[in-house]
Each structure stands twice: as structure tokens, then as C-alpha cells.
Amino acid sequence: MTEHMQDPLNHPEVQLANGRAYLASFIISMLLMTVGLWLAVTHITTPLGTVLMISFLAGVAVIIQGYFILHMDISHAQVWHTVAMVLFLPLFVVTIGLTAWMFHGLYQRTMIMPPAASSMAHMSPMSH
Amino acid sequence: MLVHLQGPWTPLLGRLTLQQIPFHVPILVVTFIVVAILAAMVLAATTYFGKWGYLWREWLTTVDHKKIGVMYILLGLVMLLRGFADALMIRTQQAMAVGPGSPGEMGAVHGYLTPFHLGQIFTAHGLIMVVFAATPLLVGLMNIIVPLQIGARDMAYPYLNALGLWLTTAGAALVMMSLFVGNFAHGGWYGFVPYFELPYSPGVGVDYWMWTFQLSAIGTSLGSINLIATIVKMRAPGMTWMRMPMFTWASLSTNLIALTSFPVLMVALALLGLDRYVGTHFYTAGMGGNLMLYNDLFWVWGHPEVYFLILPAFGIMSEIIPTFSEKTLFGYVTMVIASFAIGGVSWGVWLHHFFTMAAAPSVNSFYSVTTMLVGIPTGVKVFNWVFTMYRGRVRYELPMLWALLALFLLLVGGMTGMMNAFASNDYMWHNGLFVVAHFHMMVLVIAASIFGAVEYWFPKVFGFKLEQKWGKWFFWFMIIGTGWTFVPMFFLGFAGMTRRLDYIPYTQWSPYLHIMLVGMVFYVVAVLFFVAHLYVSLRDRVKNRVGADAWGTGRSLEWMTHSPVPAYNYAFIPHVNVLDEWAWRKENGLTELHPGDYEGIHMPKNTGVPLFLGMLFMGLGFALIWRIWWLALLCVALIVALIIIRSFDRDTDMTIPAHTVEQVESGARDETSVAMPTAGVRGGTVIAHSILQSGTSGISGSTTSTSPSLAPMDR
Amino acid sequence: MVLPPALLTLGGCSNNGLYLLKPEGLISHTFYHYFILDVVIMLLIIVPTTLLTIWAMWRYRKGGKGSYDPAWSHSNAIEAIVWGIPLVTVGVLSYLSVKAIYDVNPYNPGVIAKAQKVDGGDSVEVDVIATDWRWLFIYPQQHIASVNQLVVPVGTPVKFRLTSTSVVNDFLIPQLVGMIDVMPGMRTKQALVADKAGTYIGFSADYSGAGLSWMHFQTKAVSAAQFAQWVKSTQQSPQHLSYAGFNRFAKPYIAVGGDQQTFGKVQPGLFDYVIGEVMHGKVWRTPMAMTENMVNYMQKQRAEQKAGDY
Amino acid sequence: MSASAAQKVDPAHATLWARHYAGHDMIGTRTFGFWLYMLTDAMVYAALFATLGVLSHVVNLAGGPSSSAFINPVYAYGQTITLFLSVLIYGYSMVALKNGNRGGVIGGMFVAMLLGVVYLVISGIDIGNMFAHGIFPQVSGFLSIFFTIIIYHALHIIVGVVWMLVMMIQVAREGFSANVVYRLINLRLFWHFQAVIWVFVFAFVYLQGIVA
């Protein structure tokens with residue numbers, strides 16, 4: 001637990017703060033989100049097209065933010081942060097993707113809303 | 001109240017009433033009396049010998065990774081015994097309750113346990129063995145060994161380390177509390193929905209289960225962050241990735257699994273909690289919930305968790321087998337790759353825990369194939385261990401015996417695992433005893449490795465070896481018990497018998513159940529031998545004193561420092577030149593541990609905050625289980641306040657002065673005798689090997705209230 | 001380690017209850033076929049590995065005859081073999097596993113589809129509703145229902161639709177067909193063909209609460225003529241099952257005595273109706289008193305419920 | 001491998017001890033661990049989004065309203081602006097830290113915190129409106145996960161606000177000690193990470209909710 005005796009402000013993770021990068025990140029992500037909102041509200045393309053476009057915009061925004069404000073790069077100070085994130089990324093995809101795949105099939109195979117159900121709801125009990 | 005509760009509720013005590021204390025269950029009353037007597041004896045002894053101060057200073061407030069590890073292992077052993085007692089009850093109940101004519105005792109319909117009571121027992125057995133026995137045992141071992149193996153003086157976050165321990169302990173304490181206040185969940189350790197929803201499990205049992213699970217999950221996640229950061233950031237100079245010992249590699253991959261998977265468990269449990277407390281519809285059958293979602297989320301964690309447990313076991317085997325083969329591990333690079341391959345594949349196999357869910361055949365095929373892929377790196381590991389023994393000089397001491405037992409059990413477990421991965425087989429015996437027998441083979445791999453690791457590293461931590469005679473009796477009875485219990489269980493699997501029955505309708509199955517009882521008797525005797533083993537070892541501890549390199553053929557860095565390890569681990573941080581640094585130094589006669597003047601060592605100071613936080617979390621859990629809202633709010637407020645107050649504390653570190661280090665080191669060196677082991681080390685001798693002349697320690701640090709004594713463990 | 005299996009073989013050669021090893025249906029035969037293949041292939045690997053391990057342990061023990069070479073820790077040839085053997089094995093097993101999954105796929109088992117293509121012919125439909133803790137088998141074509149007893153004709157494909165009222169169960173008849181989850185608010189499918197007349201045990205394999213151990217049923221495989229006879233006699237049964245009656249029937253009930261019964265007439269569409277009700281939030285909750293003191297509850301329940309009309 | 005490698009190192013000239021080893025980089029270790037924690041939190045979100053994916057089928061509405069029927073994107077857009085702005089200001093506060101400007105750090109953090117409070121107020125109004133229209137988490141499986149995600153995110157903002165309050169006091173009391181500095185960096189990671197998560201929440205809960 002020996003500490004660096006030097007000034008903590010000289011630490012590379014303090015020094016990487018960058019006002020211009022933060023501003024750029026703010027402007028670009030605001031822009032992307034605004035476009036996304038506009039797409040969603042105006043219904044300018046098909047629902048699927050809009051969903052894909054919004055996903056794309058979100059992806060770009062996240063990459064921009066990851067680079068500019070989370071400082072994900074391979075500099076000496078940040079490389080392990082980046083490695084950790086890269087290790088996690090496929091797991092996010094696996095968790096969401098495989099789950100979606102499994103349940104898409106499961107809904108088709110098991111979640112049949114019986115057509116008769118609603119009409120039977122007020123059926124009188126059978127007499128015998 | 002947000003949801004409809006059966007039974008009374010008052011603002012002051014929530015659902016807690018006097019009826020929740022099970023006076024009417026004789027088994028629990030007897031258990032309570034025994035536990036109370038034992039607890040009173042321990043408390044009285046501590047008071048009588050005046051050890052409260054010592055306990056507080058040296059253990060309860062410690063942030064030393066070795067002591068925390070020892071406490072983890074103690075917790076694990078205690079819970080292992082509890083889990084074993086549960087297993088005994090399950091086996092006896094099933095053997096008694098065969099056929100419609102089997103009589104019922106003590107208010108049970110068949111056998112001597114009611115279905116509700118047996119349900120609690122098998123739930124507790126599973127949960128305890130997985131998260132409160134195996135996990136603490138392995139986490140404890142990693143805690144002790146990993147910093148030593150990478151040449152670090154401590155973990156990255158000593159305070160967090162203590163917090164992880166006390167959160168896990170809080171969870172374990174709640175499980176034990178459920179014995180005497182209220183009841184535990186009664187549907188299986190991994191929980192079923194919608195069975196665990198309020199309409200079908202109206203009592204507090206599921207809440208106990210949920211919060212204990214959650215606490216241990218938080219504790220383990222914190223631990224995994226700590227171990228990963230320690231390995232990534234705190235390796236000694238020269239300890240490059242490819243010079244790390246296998247156990248450290250295994251710890252890294254296993255903690256990566258924990259780090260990534262435990263959050264999903266927390267979500268799975270939290271959503272169930274929302275259903276039970278707030279009345280949402282995540283897992284309900286109706287109202288737009290999806291009950292299979294729980295299984296999905298749970299096993300997204302649950303399967304990686306299996307490898308979280310097995311990988312450290314593999315790491316232990318990879319340390320023990322080379323040491324007792326007096327030879328380098330075969331295929332080091334391959335072993336590293338295999339560890340990470342297992343960790344990686346573990347993330348894509350979880351559906352095999354619910355193959356019978358009616359997923360599309362393409363989905364089941366995918367998961368069947370990915371599951372089988374695990375067999376490849378596992379097979380490689382087995383072969384590599386065998387080739388480590390090849391051209392070696394294998395010594396059959398206790399740690400090696402355990403490691404080899406683990407190897408053979410792995411062959412059985414691996415084979416049956418491949419049979420389970422074959423989905424058409426699984427359709428037939430899913431939820432059946434074949435699966436149960438299979439995973440008990442695997443957890444016995446873990447158990448055997450843990451016993452091996454305890455034998456192997458015990459002298460490193462305490463400075464003396466465990467004796468061998470009683471240990472061998474323990475070993476052989478464990479083997480016989482295992483064969484006698486689990487071979488019939490495989491047969492019952494072929495009989496189609498399913499899990500968690502408290503009454504066995506088919507009398508054809510009874511011979512197998514009765515044979516298993518014999519196995520349980522062997523296990524009981526084995527436990528007695530284990531106790532004798534510990535007792536005799538403690539009694540003869542002076543005789544069994546060892547020096548740094550306890551087995552004479554240690555290879556990795558931890559064998560380079562004194563046994564027992566001083567608080568600061570290494571007086572001088574070693575510079576690592578090769579893989580198996582210590583073996584290399586011994587070969588080249590570089591075993592002198594005193595290269596120059598001692599320096600002051602900066603260490604973290606002990607603190608009681610983690611212990612208090614653990615207690616508060618236990619209070620929070622208790623309050624939430626019984627829905628005592630005021631207490632829950634109070635605990636949350638205190639937890640937040642305590643964390644903030646602690647963050648203002650500037651006095652968290654201390655420096656061990658150079659002269660104290662010198663005193664400790666020369667004390668350890670004085671004990672070194674000239675006796676040289678010839679134990680198979682090529683060239684050179686082992687200077688650090690020592691035999692203690694007397695029982696009294698040469699090491700005694702100051703024991704003021706703020707700084708811990710530097711003697712690593714009490715002798 | 002050797003003793004217990006030896007005892008087992010001595011113990012019960014004739015009727016040892018190892019149901020999975022005595023398949024009597026098309027699906028279970030298919031399972032058995034692949035099971036044997038799987039075991040044989042695995043043993044081809046495991047047995048030599050075990051022998052190799054024992055040989056290494058003996059040969060290279062300290063003081064033994066093995067040569068000692070502590071520096072030896074790498075060999076490309078061995079590495080290739082140790083990766084190669086598991087790789088090939090897993091490849092072969094994966095192929096077989098996928099093939100087996102399609103052969104016994106519960107929704108449309110390859111083997112039954114193939115058999116039907118050859119034989120043609122009808123199939124019998126059965127709607128299965130699992131309650132806490134009984135099995136209700138509805139024959140929608142025949143408008144009859146049977147509790148805790150499944151009667152199927154030999155040689156004819158039987159196609160199941162399954163659902164549950166409250167919690168998840170697993171439908172299993174070890175000698176005829178493997179498990180499929182039976183889930184509330186959801187509909188799963190299963191299919192089987194019985195090869196031989198006989199009575200087979202069937203039960204729920206997933207934990208569903210206190211009554212699980214008693215939640216088993218008889219499967220009677222009978223000839224086509226006997227089946228028709230059984231249908232006819234059941235249709236004479238004076239007991240009828242309407243939805244309102246089902247609502248009472250589905251209340252938690254532990255069938256300690258097997259408790260078989262039949263219904264001569266069943267309200268059409270009952271199966272779909274139950275799924276719809278559950279999807280709309282209907283629950284048959286378990287009373288707390290029942291979980292905690294089951295014996296009293298069972299006695300009270302048996303006094304109340306004397307196989308009444310639903 | 002080891003033995004052959006061992007022979008390559010000349011024992012006579014090998015360095016055996018790391019004398020005057022300065023120890024590990026304390027700030028870097030602390031922030032790395034915190035980053036690992038943030039990634040586990042991201043995994044929590046991944047699990048929640050997987051849940052959202054599963055519970056977005058028409059069956060999961062259970063007769064309740066679909067998201068397009070009740071989401072008012074004006075509020076969510078307002079939250080986007082305040083959160084991103086707060087993150088930007090916190091960034092400037094970190095620039096002030098780089099320059100050793102104590103007043104700048106405290107001032108920036110104060111504004112960032114206020115914006116966080118504004119975010120919470122908007123979120124509160126939005127959720128309050130939904131509740132007023134009978135749209136509760138208990139209505140359907142879909143609404144359960146919808147509210148869980150947005151409330152979980154709001155809880156993070158609350159934690160961030162409290163943390164900023166604590167850090168402002170610590171900076172004022174202690175100045176830039178190593179402990180304070182690593183906490184400021186961790187808080188930066190925490191706060192900036194909320195913006196990244198919000199991108200997902202905004203895009204996949206709100207915007208796609210309107211489209212669906």
C-alpha cells in the first residue's frame with residue numbers, strides 16, 4: 001500500500017480531463033437524440049425502419065460518449081478500463097441476444113392466446 | 001400494504017408473531033437447544049480466557065487478507081456441516097418414506113418429516129452448499145493465496161474485502177435464523193416461479209431465501225472486483241501475465257465469471273422481490289408476466305456460477321499436482337487458455353437447465369452443442385494433469401491424494417455431464433436423480449480440491465502441517481461414502497426417480513435408497529475422522545512446525561515467505577524472473593530472503609466499519625423478510641450514514657516501522673534450523689526451510705488498540 | 001467403490017424399477033438408442049484416460065521405475081492429441097445430439113412423423129391440465145375426461161396439449177416419453193406412441209409444492225378395441241365437468257389415494273378457457289395453513305371432497 | 001515451458017528483489033475497481049433490457065396500455081437535456097480539478113448537482129402523470145419492467161446527487177488529497193456512465209416505445 005508521494009493531481013486520470021471533448025460529446029449526443037426523437041414523433045418511415053434508425057443513432061451516441069467522456073482508449077492509464085469493457089461487451093450481447101432468440105421461439109410455441117377465451121368468459125355453466 | 005398477505009401484520013413487528021417460532025417441531029427445538037448450548041460455551045470460553053479484546057483487534061476488525069480468508073473458510077466449514085446435516089435428513093426421510101404403507105412419525109404422513117419441512121431442508125441444503133459453503137471456502141482460499149502468489153502485500157481494497165466477508169456472514173446468519181424464527185423457502189435452492197410467488201408461497205420462507213441469496217451475491221461480487229483488481233494492478237515487478245501461477249489464473253477467470261454473472265442473479269431475485277412486495281407482474285403466469293423469464297435470468301447467472309466454483313478447484317489441482325510430482329506443470333499455456341475457454345463458454349450454455357421448456361429444436365441444439373464444447377478444455381486439463389505426473393516423481397501425501405480423487409471424480413462427473421448435455425437424454429431425466437448424482441460428482445470435485453487445498457496451504461497460513469494418519473482415514477471414508485451414496489443415485493436416475501420427493505411411491509426403488517443410507521453412515525464417520533484430524537493436528541502443532549517451503553517442493557511465490565506469513569507478507573517485494581520463481585531460485589541456490597536493510601511498510605489500519613455494515617445489512621434483511629418497514633428504513637439510513645462517515649475518515653493507514661519488520665523477520669529467521677530437505681529439488685538447498693525449536697513464537701508485534709499484532713495467526 | 005454396484009446387480013435383477021432402461025414406446029426407444037451410442041463413445045475416451053492416469057500414477061510414483069525429467073513440460077505432439085481427441089469426440093456427439101433432438105422433438109417428433117408417413121392413420125388427442133396436485137386428461141374428440149389415469153391405444157400416436165392451472169409441472173412417463181414443461185397460461189405439446197400394452201407410471205417431475213409426491217398417474221396402454229370400449233364406458237359416467245366445476249376441482253388437493261375418477265362429459269373448449277383465465281390473472285392460491293400443517297388439511301379435505309360432481 | 005525459460009534467465013545477473021518498490025498506483029487501482037463495479041451495473045441494465053425485450057410481446061400488455069399510448073416524449077427529452085448538460089458541467093469541474101482550481105471544482109459540481117435535481121423533478125412529474133392516469137407497474141408485465149428501468153435509473157441519479165454533496169464538502173475540507181481525487185474520478189465515471197445508460201433508456205424505452 002505504499003503510495004506515490006507525488007501530487008495526486010498529476011495522475012494521468014486527472015490529466016485526461018478535456019473540456020472540448022466533453023462539449024463535443026454533449027453537442028453530438030444531443031443532436032443524435034434530437035434526430036431520434038424527431039424520427040419517432042413524425043413516423044417518417046416504417047416502424048421497423050424507425051426502430052433500426054434509432055438503434056443506430058443510439059449506438060453512435062454511445063460510441064461517441066464512450067470515447068469522449070468515458071475516455072475508452074488504449075493509453076497506459078486507461079487500457080485496463082478498456083479491456084474490461086471489451087470483455088463485457090460480448091456478454092451484454094449474449095445476454096440480450098440469446099434471451100430474445102429463445103423467447104421469440106417460446107412465445108410462438110406456447111403463448112397462444114386462445115381465440116375462444118374471450119367469448120367463453122361469459123358463458124353460462126353447462127347444465128346437465 | 002401493496003400486496004395481499006395471508007396472516008396478520010402489525011406496524012411494529014410486521015409479520016412477526018409468537019406463532020412463527022416453531023415450538024411444535026421437536027427436531028427444531030432440539031437443534032435450538034444444542035446451538036444455544038454451543039453458543040453459550042463459546043461465549044463463556046471467550047470471556048473466561050479474556051479473549052474478547054484479542055478477537056476484536058485481531059479478527060473482527062481485521063483487514064488482513066489472510067485472516068479474512070481464514071474467517072471465510074471457517075464460515076464455509078460451519079455451513080458445510082449444516083448442509084451435511086440437511087443431506088442426512090433428506091436421505092433418511094427418503095429411505096423411510098417408501099411405499100403407501102410406510103408409517104409416518106412426528107406428525108408426518110410418511111417418514112418423519114412433513115413435505116413442508118423437507119422442502120425447507122432440501123432448499124437450505126442446496127443454497128447452503130453452493131453459496132454458503134463452497135463459495136466462502138473458495139473465496140477464502142483465493143483471498144489468502146492470490147496476493148501471496150503475485151507477491152503483493154495485500155488485496156487492492158482491504159476494507160472492501162472485509163465488507164464482502166461480513167455481508168456473506170450476514171446472509172449465512174439469516175439462513176440459520178430461519179431455523180428458529182419463521183421458516184425457510186420450501187421449493188428448491190434455485191427457486192421456481194410462479195411457485196415462489198405470493199399466492200403459492202405465502203409465508204416468509206421465500207423472503208428469507210431471497211434476501212440471504214442477495215446478500216451473499218453482493219458479498220461475492222465485491223470480492224470478485226477486489227481479486228480482479230488485485231491481480232491486474234498489484235502483481236510484483238517482473239510478474240508478467242505468463243509468469244502467474246495457475247491458481248492465480250484460475251482465480252482471475254473465475255472472478256471474471258462472478259463479476260459478470262452475479263449482477264444478473266441480483267436482477268432475477270430483485271424482480272421476484274418486486275413481484276412479492278409490490279405486486280408487479282414479472283414472473284406471474286397471468287397479467288403479462290413470463291414465468292420462464294426467471295429461469296432464464298437465474299441460469300444466466302447459474303451456469304457461469306457452476307464454473308465459478310469449479311475453476312478454482314482446477315487451479316488448486318494445478319498447484320498440488322506439480323508440487324507432488326516434483327515437476328513443472330505440463331502445458332502451462334494450454335492450461336491458461338483452457339481456463340478462459342471454460343469461462344467463456346460458460347456464458348452460452350444456460351438453457352440446458354431448462355431443456356424441457358419447449359424451446360425450438362434449433363435452440364435446444366445450439367445449447368446442447370455449446371454445452372458439449374465445455375468438454376474440450378476440461379478434457380485438455382485432465383490430460384495435462386496426467387502428463388504432469390508423467391516423468392515426475394509422484395509423492396502420495398494428503399494434498400496429492402485429494403487432488404487425484406478430484407481428478408477421478410472429474411472423469412465420472414465429466415462423462416455424466418456429457419450425457420446430460422445430450423438433450424434427448426436430458427428430456428428423460430431432467431429434474432431427476434441422474435442429474436443430481438452428476439452435479440454431486442462435480443461438487444465433490446470441488447470439495448476434494450478444497451480439502452486438498454486446506455491440507456496443502458494450511459502450513460503456509462498457520463506454520464504447521466496437519467497430521468497425516470487421521471487425515472488419511474478421513475480421506476478413505478470420504479471415498480467409500482461417495483461411492484456408496486452416489487452409485488445407487490445414478491441407478492435411481494435410470495429408474496426415472498425425480499428430485500425433491502418426500503414420499504416415494506414405488507417400492508422398487510427402496511433398495512437403492514437403503515444402500516445410500518450406508519453411504520451416509522460412512523460420511524458421518526468421515527466427518528468424525530475430520531474432527532479427529534483437526535484435533536490431533538492442533539494438539540501436535542509444535543511437532544509439525546514447518547518453514548517457508550512446507551512441502552520442500554513448492555514452486556510458486558507463496559512458498560518464499562515465512563510460514564506463518566507475517567502481516568505484510570513480504571519484507572522485501574520479490575522481483576520475478578521466471579514462471580515458478582521459487583523453484584527456479586531453489587535450483588540456483590538463491591534462497592536467501594534477506595537482501596539488505598529493512599524498510600517501513602505501509603499498511604491499512606483495522607476498522608470495525610465493515611462488521612457494523614454487515615450487521616446493519618443483516619438487520620435490513622430481517623426487516624424486509626418480516627416487512628417491518630420502520631426497521632428497514634432505519635437500517636438503510638444507518639448504512640448510508642456509516643458509509644459517508646467512513647469516507648471522511650482520513651486516518652485509515654499506518655506504517656509498520658522498519659525496526660518492527662526487522663524484529664519479526666529475524667524472529668522467523670532465528671527459528672530456522674540447519675536441517676535441509678532433500679526433497680527432490682535439483683541442485684541447491686532450501687535455506688528457508690525451518691523447524692521450530694519451541695512452541696513459543698519469536699514473533700510478537702505490538703497489540704495496541706489501533707494496530708494489529710504482526711504475528712500472522714495466533715499460534 | 002466396487003461393492004455398491006455389485007450389491008445392486010445382485011439386489012434386483014427381475015424387477016429393479018430401472019424404467020429408463022426398459023423403453024416401451026417409440027420416443028423412449030429412440031432416446032435409448034442414442035443413450036447407448038453416447039455412453040459407448042464416452043467410454044471409449046474415459047476408460048483409456050482412466051487407465052492412463054492409473055498407469056502414470058503407478059509408473060511415476062516416487063521410488064518407482066519411471067524416469068524423472070522435471071524440465072519436461074511441453075510437447076507439441078501431445079498438445080495436438082489432447083486437444084484433438086476431445087474435439088473429435090465433441091464433434092461426433094454434437095452431430096448425434098442434434099439428430100436426436102429433432103427425432104424426439106416434442107412438438108413434432110421426427111420418429112413419429114416418419115412412422116405416420118409409413119402407416120398413415122389417425123392419432124388420439126389428449127388435453128392435459130395439471131392442477132395442484134392432480135392430472136386431468138381431457139379427450140376433446142371423445143368429450144370425456146379422466147383424472148390421474150391416462151388410457152391410450154397401443155400403436156397409435158397420441159398427441160398432447162398441456163397446460164397447468166397454477167405452477168409449473170413436468171409431464172413424464174419414463175417408459176414411454178420424456179419430459180415437457182407444463183406451464184400455467186402457456187400451452188406446450190408432446191407426443192408418444194406406446195409399443196406394448198401395459199400399465200406405466202407417470203408423474204410430475206418438477207417441484208410444484210407439498211402434494212408433488214402424490215401427483216402421479218397410471219398410463220394404461222391398451223388395444224384399439226379396448227380403448228374404444230373404455231371410451232364408451234366412460235361416456236356413460238354420470239359425472240360431468242363444466243368450467244364452474246373445474247374451478248372447484250382445481251383447488252389445491254393432495255391425491256393421497258391415487259384418486260382416479262372419470263367424467264362422462266366435458267364442456268368443450270375447457271382447455272383453452274383455462275389458459276385464457278390464467279392469462280387474465282386467475283390464481284388458485286395455496287392457503288398458508290395447508291403448507292404448514294398438511295396432515296390436518298388433508299384430513300379435512302378428504303372429508304369434504306367425496307368425489308363430488310363438478 | 002518454465003524450466004526451459006528458467007534456463008534462459010542468468011541467475012548471476014537476475015534481479016531478485018524490487019528494492020525501493022514504490023508500490024502500486026493507488027488512484028489507478030481504485031478507479032479500475034470502480035470501473036469494474038460500473039460494468040456490473042451495466043450488466044444489471046443488460047439483464048433489465050433483456051427483460052424488457054421479453055416482456056414487450058403483445059401478450060405482456062395484458063389488456064393494459066401499450067407504451068405508445070402514454071409516453072410523452074417531451075419529459076424524456078427534457079431529462080435528456082438536463083442529464084447531458086449536467087454531465088458536461090461535471091466534465092468542466094474535472095477540467096478545473098486538472099488545473100487544481102478548488103472553487104471551479106466545487107462550483108461545477110454544484111451546478112451539475114442542481115441539474116441532477118432538475119432531472120429528478122422532471123422524472124417525478126412524468127411518473128406522477130402516468131400514475132394519475134392509472135398507469136401503474138402492477139397493471140401488466142410490460143409496465144412492470146417499464147417502470148423498473150426508469151425508476152432504477154432515477155435511483156442512480158439520486159445516489160449521484162448525494163455523492164456530489166458529500167464530495168463538495170470533502171473538497172472544501174481536505175482539498176485535493178489522493179483519497180478525494182480518486183473519489184472525484186470515480187464520481188466522474190459514475191456520472192458520465194449515467195449519460196451512456198440514459199442513451200439506451202431514451203432510445204429503447206421511450207423512443208421505441210412511441211414507435212411500437
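Chain letters run A, B, ... following the sequence lines, proteins first and then strands; every chain starts at 1.
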Do you know the tightest heavy-atom contact between D:Trp17 and B:Pro574?
-> CE3-CA, 3.7 Å

Those residues at least two apart in sequence (or on a different chain) that pass ring-ring contact (aromatic ring centres under 6.0 Å, His included) with B:Phe648 are none

With rounding to the nearest 0.5 Å, note down the distance linking CG in D:Leu36 to OG1 in B:Thr260.
-> 11.0 Å

Atom group of D:Ile145 that falls short of 4.5 Å from chain B, counting heavy atoms | both

Quick one: are B:Ser221 and D:Tyr37 in side-chain contact, heavy atoms under 4.5 Å?
-> no

Distance in Å, B:Met234 CE paired with D:Phe32 CZ, rounded so as to fall on 0.5 Å steps = 13.0 Å

Could you state the interatomic distance from CG (D:Leu143) to NE2 (B:His281), rounded to the nearest 0.5 Å?
-> 10.0 Å

With a 4.5 angstrom heavy-atom cut-off, which part of D:Val139 approaches chain B: side chain, backbone, both or neither?
-> backbone

Using a cut-off of under 4.5 Å for heavy-atom pairs, which of B:Ile573, B:Val267, B:Thr280 has the most such pairs with chain D?
-> B:Ile573

When rounded to the nearest 0.5 angstrom, what is the spacing between OG in D:Ser144 and CG in B:Leu271?
-> 9.0 Å

Name the region of B:Met287, side chain, backbone, both or neither, that has any atom closer than 4.5 Å to a heavy atom of chain D.
-> both

Nearest non-hydrogen partners of D:Gln138 and B:Val278, listed with the distance | NE2-O, 2.8 Å

Could you look at D:Thr148 and say if it's the side chain, the backbone, both or neither that has a heavy atom under 4.5 Å from chain B?
-> side chain

Polar side-chain atom of D:Thr40 near backbone of B:Leu259 as donor-acceptor pair, under 3.5 Å | no

Using non-hydrogen atoms only, which part of B:Ile225 is less than 4.5 Å away from chain D: side chain, backbone, both, or neither?
-> both

Nearest heavy-atom approach of B:Leu590 to D:Pro11 is CD1-CB, 4.0 Å

Residue, of D:Ala14, D:Ala62, D:Ala18, that accumulates the most heavy atom pairs under 4.5 Å with chain B | D:Ala18

Donor-acceptor pair, B:Tyr157 side chain versus D:Thr29 backbone, under 3.5 Å?
-> yes

Sorted by chain and residue number, the ring-ring contact (aromatic ring centres under 6.0 Å, His included) partners of D:Phe110 (sequence neighbours excluded) come out as none

Spacing of D:Arg30 atom CZ and B:Leu160 atom CG [to the nearest 0.5 Å] = 9.0 Å

Exam field: side chain B:Arg585 to backbone D:Leu16, donor-acceptor pair closer than 3.5 Å | yes

Under 6.0 Å from the CZ atom of D:Phe200, do we count more than 12 heavy atoms belonging to anything else shown?
-> no

In terms of heavy-atom proximity below 4.5 Å to chain D, should B:Val640 be classed as side chain, backbone, both, or neither?
-> neither

Mind ranking D:Val54, D:Leu55, D:Leu48 by heavy-atom pairs under 4.5 Å with chain B and telling me who comes out on top?
-> D:Leu55

Main-chain N/O of B:Ser647 paired to D:Arg183 side chain as donor or acceptor, under 3.5 Å | yes

d(B:Ile644 CD1, D:Leu165 CG) to nearest 0.5 Å is 8.0 Å

Turns out that what part of B:Leu265 lies under 4.5 Å from chain D's heavy atoms comes down to neither

